[in-house]
Amino acid sequence: MRVFKFGGASVKDAKAVKNVANVLRETGFSNLLIIVSAMGKTTNALEKVVEYYLTQHPQLNTSIEDVYRYHYEILEGLFENKQHPIYKKIKGLFKDLETTLNRNKSKQYDYIYDQVVSYGEIFSTIIVSGYLNDQGYENEWLDARDFIKTDNAYRDAEVDWEITLQMIKNKVNKKTLSVTQGFIGSDQNNFTTTLGREGSDYTAGIFAYCLGADSVSIWKDVPGVLNGDPRVFENTQLLSHVSYEEAIELAFYGASVIHPKTIQPLQRKEIPLYVKSFLNPSGEGTSVKKGQPLDPYLPCFIVKKNQILLSLSSLNFSFIVEDNISEIFNLFHQYHIKVDLIQNSAISFSVCLDDRFDHFDELLNKLKSRFKVTYNKGVSLYTVRHFTNESIESLEKNKDILLKQITRETYQVVARGAE
Ligand code: ADP
Ligand code: ASP
Ligand code: MG
């Protein structure tokens with residue numbers, strides 16, 4: 001059995017959805033589960049809906065209509081017959097979304113976020129599944145929330161592997177074509193949860209692990225994993241072969257082509273991962289497998305923008321010792337702030353942080369009572385894996401560098417702002 005994942009870019013308009021069918025024609029579509037993300041930038045648009053809902057903004061209804069119109073246009077491009085039941089189905093889902101908002105009594109942002117934003121994946125998979133069925137790619141639509149069971153840490157839910165494994169093993173038909181959503185799951189009370197932004201790759205890893213799949217392919221708008229994001233770095237080259245360890249490192253440092261959590265479940269069962277271009281399905285792409293050396297062996301460039309560099313020192317010039325450090329890390333964990341890089345000296349401790357849930361200001365208040373705090377917001381963390389002198393030189397050019405760290409394979413700088 002194989003697992004495919006199609007991200008937002010691969011279903012961003014009617015033409016792109018038609019191309020998904022082309023990919024399936026080329027690759028075959030039996031014994032296949034496909035995971036589909038929300039269409040294009042729908043998740044961002046639904047985040048706006050949540051914000052408008054919570055601030056009772058006058059643009060709330062317009063923001064929902066915009067999302068509806070976008071999906072309606074895609075429907076028009078795929079289903080000529082306006083009497084096709086899919087039109088009613090999508091309209092019904094938008095009504096459900098409005099009802100969800102009207103009936104909601106919770107003020108908890110993260111909970112509301114998951115109930116609303118998850119609609120993007122539902123709209124998308126209903127449309128893709130319906131289109132594929134009409135085109136002769138007979139498939140079963142699955143609600144991922146019946147399979148991926150999580151805790152109730154909304155927006156960053158942890159998978160309950162035991163139940164998830166049972167559900168997937170017992171209920172997914174391995175012989176046919178199934179279509180389901182990435183990114184979403186449900187908690188014990190069956191409320192919708194999400195696995196973190198860009199989490200659909202991770203969903204592919206979860207299903208593949210639980211099904212004991214032969215392979216996972218993620219279809220992207222790039223030829224595969226390159227030695228840098230082509231939107232940021234010039235003259236990037238395709239990495240044909242990458243080991244699991246290398247892929248985990250690249251994803252951890254911020255190579256956004258693969259979600260960092262995706263690899264671990266695959267590695268545990270040695271399931272190969274292929275990253276390929278949905279525009280060129282027969283292209284070589286990148287294979288991620290056990291133990292294969294990086295090929296070609298090149299410096300790999302990664303940038304994480306909009307990070308925070310935080311430095312703490314004790315108020316009385318005493319050492320920052322293990323006790324303080326463990327207390328500080330507990331706080332990061334509590335506020336769902338991810339640590340990218342650590343550097344400490346006798347009396348000060350610096351970390352580069354990814355505050356993707358916007359909790360830094362709350363954390364700051366706590367820290368200020370215990371430490372002398374300095375910080376820079378909006379910094380960029382640049383990483384070069386397998387660096388050379390030349391690659392460092394080109395990276396450092398014209399940058400206002402705040403911190404530098406070099407280990408055997410990895411060179412990192414934190415620099416002010418972003419180009
Ligand atoms: P999707 O959500 O459609 O699955 P993403 O947009 O999340 O796809 O990932 C694809 C994008 O990742 C590419 O368009 C590219 O800009 C970016 N990217 C970042 N780092 C790399 C890299 N090392 N190699 C290839 N693409 C990368
Ligand atoms: N739709 C979600 C997002 O944009 C999940 C994903 O695409 O991976 O973050
Ligand atoms: Mg994505």
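Numbering of ligands and ligand atoms starts at 1, following listing order. Treat the numbers as computed from the prediction; the structure is a model and nothing was measured. Throughout, numbering of the chain's residues begins at 1 and tracks the sequence.
Between atom SG of residue C300 and atom CZ of residue F233 there is a gap of 10.5 Å, rounded to the nearest 0.5 Å.
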Discussion item. With side chain to side chain contact (heavy atoms under 4.5 Å, CB included) as the criterion, how do K5 and K220 come out once you've worked through the C-alpha distance, each side chain's angles and the decisive distance to 0.1 Å?
Written reply: CA-CA 9 Å; K5 180 256 171 170; K220 300 272 174 181; 3.8 Å; yes
Discussion item. One pair to check against side chain to side chain donor-acceptor pair (under 3.5 Å): Q307 and S380. What are the steps and the verdict?
Written reply: CA-CA 6 Å; Q307 306 294 292; S380 294; over 6 Å; no
Discussion item. Let's go through S277 and W219 carefully: what are the C-alpha distance in whole Å and the side-chain angles of both, what is the deciding distance for side chain to side chain donor-acceptor pair (under 3.5 Å) to 0.1 Å, and is it a yes or a no?
Written reply: CA-CA 5 Å; S277 161; W219 299 94; over 6 Å; no
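Within ligand 2, counting atoms from 1 as listed, the ones closer than 4.0 Å to a heavy atom of F183 are 2 (C), 5 (C). The V222 neighbourhood of ligand 1 comprises atoms 13 (C), 14 (O), 25 (C), 26 (N), with distances under 4.0 Å to a heavy atom of that residue. Close approach to G224 involves these atoms of ligand 1, each under 4.0 Å from a residue heavy atom: 24 (N), 25 (C). Below 4.0 Å from some heavy atom of A9 lie the following atoms of ligand 1, by number and element: 3 (O). Near T43, the atoms of ligand 2 lying under 4.0 angstrom from a non-hydrogen atom of the residue are 1 (N), 2 (C), 3 (C), 4 (O).
Not a single heavy atom of S37 sits less than 4.0 Å from an atom of ligand 1. At least one heavy atom of K5 sits less than 4.0 Å from an atom of ligand 1. Heavy-atom distances between G8 and ligand 1 reach below 4.0 Å in at least one pair.
Here K149 does not pair with E158 in a salt bridge; the nearest charged N to carboxylate O distance is not below 4.0 Å.
With a 4.0 Å heavy-atom cut-off, ligand 1 is reached by the backbone of L226 and by its side chain too. The proximity of H259 to ligand 2, defined as any non-hydrogen pair under 4.0 Å, does not occur for either the backbone or the side chain. Of the heavy atoms in D229, both backbone and side-chain atoms come closer than 4.0 Å to ligand 1.
T203 and S200 share no donor-acceptor pair across their side chains, judged by distance under 3.5 Å alone.
Each of L195, D156, T192 was evaluated against T150; a single residue qualifies, L195, per the side chain to side chain contact (heavy atoms under 4.5 Å, CB included) test. Of the listed residues (V242, L273, L226, I258), just one forms a side chain to side chain contact (heavy atoms under 4.5 Å, CB included) with T286, and that residue is V242.
Of all protein heavy atoms, the one lying nearest to atom 7 (O) of ligand 1 is E198 OE1, 3.1 Å. For atom 3 (C) of ligand 2, the nearest non-hydrogen atom of the protein is R197 NE, 3.3 Å. Among all non-hydrogen protein atoms, the one lying nearest atom 6 (C) of ligand 2 is S200 OG, 3.2 Å. Residue, atom and distance of the protein heavy atom nearest to atom 7 (O) of ligand 2 are S37 OG, 3.2 Å. What sits closest to atom 9 (O) of ligand 1 on the protein, heavy atoms only, is K220 NZ, 3.6 Å. Annotation: atom 10 (C) of ligand 1 to nearest protein heavy atom, D221 OD1, 3.6 Å.
A cation-pi contact links K399 to Y382, judged by a cut-off of 6.0 Å to the six-membered ring centre and 45° from its axis.
For residues 66-106, the set of pairs meeting the ring pair (Phe, Tyr, Trp, His ring centres under 6.0 Å) definition, not counting sequence neighbours, comprises Y68-Y72, Y68-F94, H71-F123, Y72-Y87, F79-H84, F94-F123. For residues 148-187, every residue pair satisfying the ring pair (Phe, Tyr, Trp, His ring centres under 6.0 Å) rule, not counting sequence neighbours, is listed here: Y111-Y154, W161-Y209.
Between the Mg ion (ligand 3) and D201 there is no N/O/S contact shorter than 2.8 Å.
Taking the side chain as every heavy atom from C-beta outward, T176 and E138 never approach each other to under 4.5 Å.
Put simply, the side chain of N133 gets close to the backbone of N139: a donor and an acceptor are under 3.5 Å apart.
Nearest to the Mg ion (ligand 3), among the N, O or S atoms that E198 has, is OE1.
Annotation: W219 places no N or O atom under 3.5 Å from an N or O atom of ligand 1; distance criterion only. Residue E121 places at least one N or O, backbone or side chain, under 3.5 Å from an N or O of ligand 2. The shortest N or O to N or O distance between R231 and ligand 1 is under 3.5 Å. Some N or O of G199 is nearer than 3.5 Å to an N or O of ligand 2, by distance alone.
For Y411 against I406, the heavy-atom pair with the smallest separation is CD1-CG1, 3.4 Å.
With V257, I302, I258 as candidates, the residue nearest to atom 27 (C) of ligand 1 on a non-hydrogen basis is V257.
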